[in-house]
Undergrad: 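This structure is in C-alpha cells; I'll ask about it shortly.
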Number of protein chains: 2
Amino acid sequence: MDRSTRQREAIRGLFTPEGRPLSPKEIQEKADTDAPGVSLATVYRTIKALEELGEIVKVELPGDAARYELAGKGHHHHFQCRSCGKAFEIHGCPGGLAALAPDGFKVDSHEITLFGLCAKCNHPA
Amino acid sequence: MDRSTRQREAIRGLFTPEGRPLSPKEIQEKADTDAPGVSLATVYRTIKALEELGEIVKVELPGDAARYELAGKGHHHHFQCRSCGKAFEIHGCPGGLAALAPDGFKVDSHEITLFGLCAKCNHPA
DNA sequence: ATGGGTGCAAATTGTTTGCATTTTA
DNA sequence: TAAAATGCAAACAATTTGCACCCAT
C-alpha cells in the first residue's frame, strides 16, 4: 500500500462504532502509529474529505476544539471529562426540548453536553 | 466621568437581566456608542474583570465564540439562530440528565443548546 | 511622579490554504 | 510525465499579553 493510501486508511481506521469523538490532534497522534509523520494539514484535509463523504461527522462541544466521530450512529449526546478533557458518547435523550424555545422560534436540532469526571478520572487507580 | 470609567460603564451597562448573551465583538460594537473607539483588548480585559467580580458569566455555545451574560439569572439554557447567529436565553430544563452518563461517571453540570431560527429570522417581515 | 488603564502589536491556539515537492499511476 | 497528495509555512480568527503611553490623583 502506498504512503497516501496508508495515511488515509490510518485516519479512517480510527473511527469505529465504539470510538469516542477525536480531536485533530488526537487523530494525528493515533494515526502516527500506522502512518508515521502525518502532518496536521493532511489530518485536516482527510477529515474534511471523510466528512464530505458522509463517513464522519463533526462534534462540537462548548468551549473546546471540534471532534469527529463515525457517522450514522443515530441520535446521541456527549460527556466531557473536566479532568482529562476527553469526550465520550452517551445514549438517551429527554424529549420535548423544542417546547422550551420562545414563541415564534423554530427549533430544528439540539445539543446536550454533560460535564464531570469520566470513570477513569473519578476512580483513580 | 473620565474615559476609563466611561468605557467600563458602557460595557457593564450592556449586561441586563433581559439581554441575550453577547460576544466580545458585539460588546465592542454596542459599547462604541457610549464609548467611541474602545479597543478589543479593553473589551476583553473588562470582560475578564467583570467575570472575576462575578457580575457576568461566560456562555459557551458549541462551535462558536464565547458569549457573556449577566450573572445570577439562575439555571437556564440557550438557543442559537442558524440564520443570524444570535444567542438567546431559554427557560426550563428537563431533569435527570445525569442518569444518561455511563456507570462510574460523575456528572456535575450540563449544557443544552437548541438550534433553529429565531422569531425574527423565522418570520421575515 | 506614580499607578491604573489604554491601544497597538506580537504571541497563542485551532484551522485553512498557497505553493513547491513528492508520489502515484 | 501529468495528476494527486503531502509538508511547510503563511494566513486567519479568537483571545491573551507585553510594552510604551496617557491621564487622574
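Sequence lines set the chain letters: A, B, ... in the order given, protein chains first and strands last, and positions in each chain run from 1.
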Undergrad: Return no unless some side-chain N or O of B:Gln7 is found under 4.0 Å from OP1 or OP2 of C:dT6.
TA: yes

Undergrad: State yes or no: are the ring centers of A:His91 and A:His75 separated by less than 6.0 Å?
TA: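 They do not qualify: ring centres at least 6.0 Å apart.
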
Undergrad: Can a donor-acceptor pair be found, under 3.5 Å and without considering hydrogens, that links the side chain of B:Glu26 to the backbone of B:Ser23?
TA: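 Yes; at least one donor-acceptor contact below 3.5 Å.
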
Undergrad: Are A:Arg20 and A:Glu69 within salt-bridge range, i.e. N to O under 4.0 Å?
TA: no

Undergrad: Could you label the plane-to-plane angle of the A:Phe88 and B:Phe105 rings as parallel, tilted or perpendicular, counting under 30° as parallel and over 60° as perpendicular?
TA: perpendicular

Undergrad: For the pair A:Arg12 and A:Glu9, find out whether any cationic side-chain nitrogen is under 4.0 Å from an anionic carboxylate oxygen.
TA: yes

Undergrad: Using modelled atom types only, decide if a donor and an acceptor are shared between the side chain of A:Gln28 and the backbone of A:Val38 within a distance under 3.5 Å.
TA: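 Flag set: sc A:Gln28 to bb A:Val38 pair under 3.5 Å.
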
Undergrad: May I ask you to check whether B:Tyr68 and B:Phe15 place their ring centres under 6.0 Å from each other?
TA: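 No - the distance between ring centres of B:Phe15 and B:Tyr68 does not fall below the 6.0 Å cut-off.
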
Undergrad: Five pairs at each end of the helix from C:dA1-D:dT25 to C:dA25-D:dT1: take the axis at both ends and give me the angle between them to 10°.
TA: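 What I find for the helix from C:dA1-D:dT25 to C:dA25-D:dT1 is an axis angle of 20°.
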
Undergrad: Could you write nucleotides 14-25 of chain C as a row of B, S and -, 5' to 3', where a protein heavy atom under 4.0 Å of any base atom gives B, of only sugar-phosphate atoms gives S, and otherwise -?
TA: SBBBB-----SS

Undergrad: Would you please say whether a donor-acceptor pair under 3.5 Å links the side chains of B:Ser109 and A:Arg82?
TA: yes

Undergrad: What range of DNA chain D does chain A touch, first nucleotide to last, counting atoms under 4.0 Å from its heavy atoms?
TA: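 First-to-last contact on DNA chain D, by the 4.0 Å heavy-atom rule, is D:dA5 to D:dC8.
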
Undergrad: Answer with yes or no whether the side chains of A:His78 and A:Glu111 bring together a donor and an acceptor at under 3.5 Å.
TA: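 Not at all, the side chains of A:Glu111 and A:His78 share no donor-acceptor pair under 3.5 Å.
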
Undergrad: Is there a continuous path of hydrophobic side-chain contacts, each under 4.5 Å between heavy atoms, that joins A:Leu117 to B:Val107?
TA: no

